[in-house]
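Reading through the structure tokens given below for one structure.
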Amino acid sequence: MSDTPVVTRFAPSPTGFLHIGGARTAFFNWLYARGRGGRFMLRIEDTDRARSTPEATDAILDGLAWLGLDWDGEPISQFERASRHAEVAKTMLENGTAYRCYSTPEEIETFRETARREGQAALFQSPWRDANPATAPDAPCVVRLKAPQTGVIRVNDKIRKKVEWRAGTLDDLVLLRSDGTPTYMLAAVVDDHDMGVSHVIRGDDHLINAGRQSLIYRAMDWALPVFAHIPLIHGEDGKKLSKRHGALGIMDYLAMGYTAATMRNYLARLGWSHGNDELFTTEQAKDWFDFPGIGKAPARLDFKKLDNVGLFHIARSDDAELMEEIAAYLVQIKEPALDAETAAKLQAALPIAKNGARKLPDILEKAYFATGTRPFEADEKAAEKLNSVSVRVLNELTAALQHANFNKEDLEAVVADFAAQKGIKLGQIAQPLRAVLSGRSVAPSVFDMMAHLGQEESIARLNDAVTRGR
RNA sequence: GCUCCCUUCGUCUAUCGGUCAGGACGCCAGAUUUUCAAUCUGGAAAGACGGGUUCGAUUCCCGUAGGGAGUACCA
């Protein structure tokens, strides 16, 4: 282990929302830095002026914020550093590792077509590479990297290990466009260098770029960062993620009701593992995360597994935290916020309602008995449990409840005794009881609900049903 | 086309030459049971294929197939 401080970065291009793959890349970078007392930085790669928008930048920041991935310092705009990039290109021009190329787009296209037709690699070979500068026309030009034509280009990757390209299979990439703006290849290298980035953790789709970019590092005589190219995430059908798969954006998961802690755990396990550990906290992930645990093959999204992870995390979330998650969830699905009274009722019922919930809406559903108000109208399924017989039984139960202590244990005993006396099964009482207490067929334990509601409210709901049943 | 990468149960994965190939989700069966769940017990389920190397390969090497990425004055 080197003693240089760890600096990682997430460098999205602001052309859309933060997608699930990008979120995981950001998370891995965050984990690596945070687990080692390093810095995690954010750089917005907005050199493509036509496609970059401030809205997309905001959306990405929102996504990271929701996931709880905090970054150090201010996000860096790559575009604003254009003059520094041009300066580096100029240095390369001066030290002979780059050249001006006056070929027009049409000429390049013709070259490629010919090459392709002849079955050759379609890498453009500029006639200006070794041309005498004196013969240069007074025309717009790009600045190209002078890629080596002999030997091999080798990159050491933490995950792929040694990756090599034969010189000549990497082209003379454009560093500066004809309008003087930098391309991604140049800008990314210069920024990573200037920001002191020690570890570049990014998607597998950049593996070849590591080879290309290493040439720029060498041209400038800069130390290379540690590269780690992580496998991509595929859709449930194993194909590349696309619109067809839905749930592409990280915020779509909030809209479905998954909590941030759930997503962090699930995302961490997609492509990374720590022995047989499946369910863990973000703190543990920070301690454990390292390159040897990262796999090589792309992973697929599995919502069933995600649900299961949610079960674990909701159960262990603290109530105040869950209330915040629920508020964010409601905003995301464009539902009105909870009023103070309902919120208070919900929070009080959380210890009961979060039991067995995988997603936020599950909690809301189970908490309805506490957030709703009398009289409770039984929904269709609940109504099936109510008939003249069951209502009569409930009426009799009410009497038994008059003298009960309203805690779970005593209530269980009282109701069990009552059932024994009547010679009926517990279920024959519990189900209609659930219907009158919550108006639903899906709700927490009837004893939990009564203990939570208290004697007065519980009996009032029983009486509502009895009155209506007459 | 060319360059590079990848390949263990349906899915996520463990294994770092010798294991009855382990775990998790899901699935199936059973238990529990006041609903949906949850919980508990048990079960089926995998090394893409073909060659090597080796006393011995899932593990190392080569090839094939399949998948992916790149091949832009996009990032």
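Below, read A as the first sequence line, B as the second, and so on, with proteins coming before strands; counting in each chain starts at 1. All values derive from a computational prediction rather than experimental measurement.
Between A:Phe303 and A:Tyr258, the two ring planes are tilted [angle within 30° to 60°].
Ion pairing between a basic and an acidic side chain is recognised when a charged N comes within 4.0 Å of a carboxylate O; A:Lys381 and A:Glu384 show no such pairing.
Among the atoms of the strands shown, base atoms are found under 4.0 Å from some heavy atom of A:Arg434. Among the heavy atoms of the strands lying under 4.0 Å from A:Pro444 is at least one base atom, whether or not backbone atoms are also near. In this structure, A:Val142 reaches the bases: a heavy-atom distance under 4.0 Å links it to at least one base atom across the strands shown. Residue A:Glu164 is in sugar-phosphate contact alone, with no base atom involved, counting any heavy-atom pair closer than 4.0 Å across all strands shown. Across all strands, A:Pro105 comes closer than 4.0 Å to base atoms (heavy-atom distances). Residue A:Lys381 is out of contact with every strand shown, counting any heavy-atom pair closer than 4.0 Å. As judged by a 4.0 angstrom heavy-atom cut-off over every strand, A:Asp362 is placed among residues making no nucleic acid contact. At a threshold of 4.0 angstrom between heavy atoms, the contacts of A:Ser273 are confined to the sugar-phosphate backbone, with no base atom among them. Within 4.0 Å (heavy atoms only), A:Arg269 reaches at least one base atom of the nucleic acid. A:Val446 comes within contact range of at least one nucleobase, with a heavy-atom separation under 4.0 Å. Within the nucleic acid shown, A:Arg358 comes within 4.0 Å of sugar-phosphate atoms alone, with no base atom in reach, counting heavy atoms only. Using a 4.0 Å heavy-atom distance criterion, A:Gly295 is classed as making no nucleic acid contact. Contact annotation for A:Phe124: no contact, since no heavy-atom pair falls under 4.0 Å across all strands. Within the 4.0 angstrom heavy-atom criterion, only backbone atoms of the sugar-phosphate kind lie near A:Leu311; the bases stay farther away.
Under 3.5 Å, the side chain of A:Ser178 and the base of B:rC73 form at least one donor-acceptor pair of N or O atoms. Counting atom types as modelled, A:Lys296 pairs no side-chain N or O with a base atom of B:rC5 as donor and acceptor under 3.5 Å. Between the base of B:rG22 and the side chain of A:Asn276 there is a donor-acceptor pair shorter than 3.5 Å.
For A:Arg43 and B:rA75, the CZ to P distance is 12 Å, given to the nearest whole Å. The CZ atom of A:Phe280 sits 14 Å away from the C1' atom of B:rA14 (whole-angstrom rounding). We find that CG of A:Asp157 is positioned 11 Å from P of B:rC5, with the value rounded to whole Å. What separates CG of A:Leu207 from P of B:rA69 is a distance of 13 Å, to the nearest Å. We find that NZ of A:Lys304 is positioned 10 Å from P of B:rC28, with the value rounded to whole Å. One atom, CG of A:Asp204, and another, C1' of B:rG68, lie 8 Å apart when rounded to the nearest Å. Atom CG in A:Leu306 sits about 14 Å away from atom P in B:rC25, given to the nearest Å.
Dashed line: the shortest gap from a side-chain N or O of A:Arg112 to OP1 or OP2 of B:rA72 is under 4.0 Å. Look at A:Arg144 and you'll find a side-chain N or O under 4.0 angstrom from OP1 or OP2 of B:rC73. Between A:Thr181 and the phosphate of B:rC73, there is no side-chain N or O to OP1/OP2 separation shorter than 4.0 Å.
Here B:rU11 sits opposite B:rA24 as a Watson-Crick or G-U wobble pair (both hydrogen-bonding atom distances under 3.5 Å). As the counterpart of B:rG63, B:rC49 is assigned, both hydrogen-bonding distances of the Watson-Crick or G-U wobble pattern falling under 3.5 Å. Nucleotide B:rA29: paired with B:rU41 (Watson-Crick or G-U wobble, both distances less than 3.5 Å). Base pairing analysis places B:rU54 opposite nothing; no Watson-Crick or G-U wobble pair with both distances below 3.5 Å involves it. Pair assignment for B:rU34 gives none, since no Watson-Crick or G-U wobble pairing has each distance under 3.5 Å. The base-pairing partner of B:rA69, taking Watson-Crick or G-U wobble contacts with both distances under 3.5 Å, is B:rU3.
For the pair A:Arg24 and A:Phe28, the distance from NZ or CZ to the six-membered ring centre is under 6.0 Å and the angle to the ring normal is within 45 degrees. Relative to the ring axis of A:Phe79, A:Arg49 places its NZ or CZ within 45° and under 6.0 Å from the centre.
Distance check on atom C1': B:rU71 versus B:rA75 gives 15 Å, rounded to whole Å. Nucleotides B:rU13 and B:rG70 have their C1' atoms positioned 28 Å apart, rounded to a whole Å. Annotation: B:rA57 and B:rU15 have their C1' atoms spaced 13 Å apart (nearest Å). Straight-line distance between the C1' atoms of B:rG26 and B:rG67: roughly 24 Å, to the nearest whole Å. A gap of 16 Å separates the P atoms of B:rA37 and B:rG30, to the nearest Å. Here the separation of B:rG10 from B:rA46, taken at their P atoms, is 7 Å to the nearest Å. Spacing between B:rG22 and B:rG42 at atom P, rounded to whole Å, works out to 15 Å. Of the C1' atoms belonging to B:rU19 and B:rU58, the separation is 11 Å, rounded to the nearest Å.
Within a 6.0 Å radius of CZ in A:Arg316, other residues, nucleotides and ligands contribute 12 heavy atoms or fewer.
Ring-base stacking between A:His206 and B:rA75 is satisfied, the centre separation being under 5.5 Å and the plane angle under 30°.
Distance alone, capped at 3.5 Å, is enough to place a donor-acceptor pair between the A:Arg461 side chain and the A:Leu437 backbone. One N or O on the side chain of A:Arg129 and one on the backbone of A:Ala147 form a donor-acceptor pair closer than 3.5 Å.
Between the side chains of A:Arg392 and A:Asn395, no donor N or O sits under 3.5 Å from an acceptor N or O. Side chain to side chain, A:His274 and A:Asp290 fail the donor-acceptor criterion of an N or O pair below 3.5 Å.
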